[in-house]
2 protein chains.
Amino acid sequence: MSANSRLTIAAHALAWIGLYQRQGHEVATSEQIAASANTNPVVIRRLLGELRRAGLVESRRGVGAGWSLARELESMTLLDVYEAVEPGPLFAMHRTTPDQGCVVGHGIQPAMQAIYEGIENTLRHELSLVTLENVLQDVLATPH
Amino acid sequence: MSANSRLTIAAHALAWIGLYQRQGHEVATSEQIAASANTNPVVIRRLLGELRRAGLVESRRGVGAGWSLARELESMTLLDVYEAVEPGPLFAMHRTTPDQGCVVGHGIQPAMQAIYEGIENTLRHELSLVTLENVLQDVLATPH
DNA sequence: GGTTGTCGCAACAGTAATTGTTACGACGGG
DNA sequence: CCCGTCGTAACAATTACTGTTGCGACAACC
């Protein structure tokens, strides 16, 4: 599976902004978050842009600009983040249409679609059980 | 997510071999399976080679060669196939190590690892509930 | 009104995985 | 010996993600 880190980085950014705001700051910059995640600020801005479209964060422009949470961490789940940053389904069908004249080629896609749908629903439910507040608390509980 | 079709194609191949054997044939060739899946025989041979390493199929060489099931479809689950053809984890960590001097950068990977581990276990359990016999029956039940 | 710091976004290169294709040796039954 | 099929290497094509540069837009501050 194409292991991608989008969900991980997005959760990192949200936890970072949340903690920073609790320390009394108004907004966090993409450069600060990028330094913590050890990546490029544009990568962070791209991801946070998707989270903004999903209503999870807000951004200000101009001097002293940056990012802030649009909701409390308690009300955001990993499912919200997953849906914001992961476009496609978990498993794909054939890239080309199977032979419809063959019994298996004809029936395999509906059969697998139904199975995958059930699995994805379970995955989404699992993700919906974890809030970003849970993530931040786990982060803070890590021994140093 | 890099949507890949390896699990789908592998399930297709297994269902095809299983049905073909029930029709009285000894072995199926990669060319026949590739025609049903509308892909290249080498793609099928590569995937079936991984399934053979996992003990799900066997192959014969020489004239009249081909592939046959090593076990009954009832005893194979999608988890067996998934583990045989999907190498990596579902979600990846950062590509570069986060800033260990930052509280979030230090704690985020253990936190997310634990969460992902739970989710992957659930996914594996779901996959283990579906046998290849279930898949074949679903395929045969598709209206034409 | 100019300066400055930050976002917004386009464009492109680098990396990696998957898929498709060709080629050819290995094998084994006839 | 011949022939069909697997086994496998090699390479191109496609796609997705990541990293990077560049520059315009915006808004606070002087």
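Every chain is numbered from 1 and lettered A, B, ... according to where its sequence line falls, protein lines coming before strand lines.
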**Report entry** Whole angstrom value for the distance that separates C1' of D:dT18 from CE of B:Met93
**Finding:** 17 Å

Query raised in the report: NA contact type, A:Arg60, heavy-atom cut-off 4.0 Å: base, sugar-phosphate, or nothing?
Result: sugar-phosphate

Query raised in the report: Ring centroid separation for B:His12 and A:His94, is it under 6.0 angstrom?
Result: yes

Query raised in the report: Roughly how many Å is it from CD in B:Glu31 to C1' in C:dT21, rounded to a whole number?
Result: 14 Å

Report task. Can you tell me the distance, in whole Å, between the CD1 atom of A:Ile44 and the P atom of D:dC17? Result -> 16 Å

Query raised in the report: Side chains of A:Met76 and A:Val81: does their closest heavy-atom pair fall under 4.5 Å?
Result: no

Strictly under 3.5 Å: I want the nitrogen or oxygen pairs between protein and nucleotides 28-30 of chain C, one per line.
from	atom 1	to	atom 2	distance (Å)
C:dG28	N2	B:Val63	N	3.4

**Report entry** Sub-4.5 Å side-chain heavy-atom contact between A:Leu48 and A:Ile33
**Finding:** yes

Requested in this report: Looking at every strand, decide which applies to B:Gly66 at a 4.0 Å heavy-atom threshold: base, sugar-phosphate, or nothing.
Outcome: sugar-phosphate

Report summary line: Among the nucleotides C:dT22, C:dG8, D:dT5, whichever has the atom closest to the side chain of A:Ser59 is C:dG8

Requested in this report: Check A:Leu56 against A:Arg71 and note the closest heavy-atom contact, atom names and distance.
Outcome: CD2-NH2, 3.2 Å

Query raised in the report: What integer distance in Å separates B:Leu47:CG from D:dC6:P?
Result: 14 Å

Report task. Report the distance from atom CD of A:Glu50 to atom C1' of D:dT18, rounded to the nearest whole Å. Result -> 13 Å

Query - Side chain of A:Val43 (C-beta onward), nearest among C:dT22, C:dT19, D:dT20 - result: D:dT20

**Report entry** Residue A:Arg52, side-chain atoms from C-beta onward, closest of D:dG19, C:dG8, C:dT22
**Finding:** C:dG8

Requested in this report: Would you mind reporting whether A:Gln21 and A:Glu26 have side-chain heavy atoms less than 4.5 Å apart?
Outcome: no

Query raised in the report: Of the nucleotides C:dT19, C:dC7, D:dT20, which one has an atom closest to the side chain of A:Arg45?
Result: C:dC7

Report task. Taking only the side-chain heavy atoms of A:Trp67 (C-beta and beyond), determine which of C:dC7, D:dC17, D:dC6 contains the nearest atom. Result -> C:dC7

Query raised in the report: Mapping A:Arg46 and B:Asn38 to their closest nucleotides on DNA chain C, which lands nearer the 5' end?
Result: A:Arg46

Report task. Measure up the A:Tyr82 and B:Phe91 rings against each other and bin them: parallel (under 30°), tilted (30 to 60°), perpendicular (over 60°). Result -> perpendicular

Query raised in the report: Just how large is the angle between the end axes of the helix from C:dG1-D:dC30 to C:dG30-D:dC1, five pairs per end, to 10 degrees?
Result: 0°

Requested in this report: Provide the closest heavy-atom pair for A:Pro98 versus A:Ile108 in the form atom of the first, atom of the second, distance.
Outcome: CG-CG2, 4.2 Å

Query - Nucleotide nearest A:Arg95 when distance is taken to its side chain, options C:dC7, C:dT21, C:dT19 - result: C:dT19

Query raised in the report: Where the side chain of A:Asn40 is defined as all heavy atoms beyond and including C-beta, which of C:dT18, C:dG8, D:dT21 is the nearest nucleotide?
Result: D:dT21

Query raised in the report: Choosing from C:dC9, C:dA23, C:dT6, which nucleotide comes nearest the side chain of A:Thr29?
Result: C:dT6

**Report entry** Hphob cluster co-occupancy, A:Leu127 + B:Leu90, side-chain heavy atoms under 4.5 angstrom
**Finding:** yes

Query raised in the report: Would a hydrophobic clustering, with Ile, Leu, Val, Met, Phe, Trp and Tyr connected at side-chain separations under 4.5 Å, put A:Leu140 with A:Leu73?
Result: yes

Query raised in the report: A:Glu126 and B:Thr122: side-chain hydrogen bond (donor to acceptor under 3.5 Å, both in side chains), yes or no, with the steps?
Result: CA-CA 8 Å; A:Glu126 286 279 307; B:Thr122 304; 3.3 Å; yes

Query - Rounded interatomic separation in angstrom, taking CG from B:Leu51 and P from D:dG7 - result: 12 Å

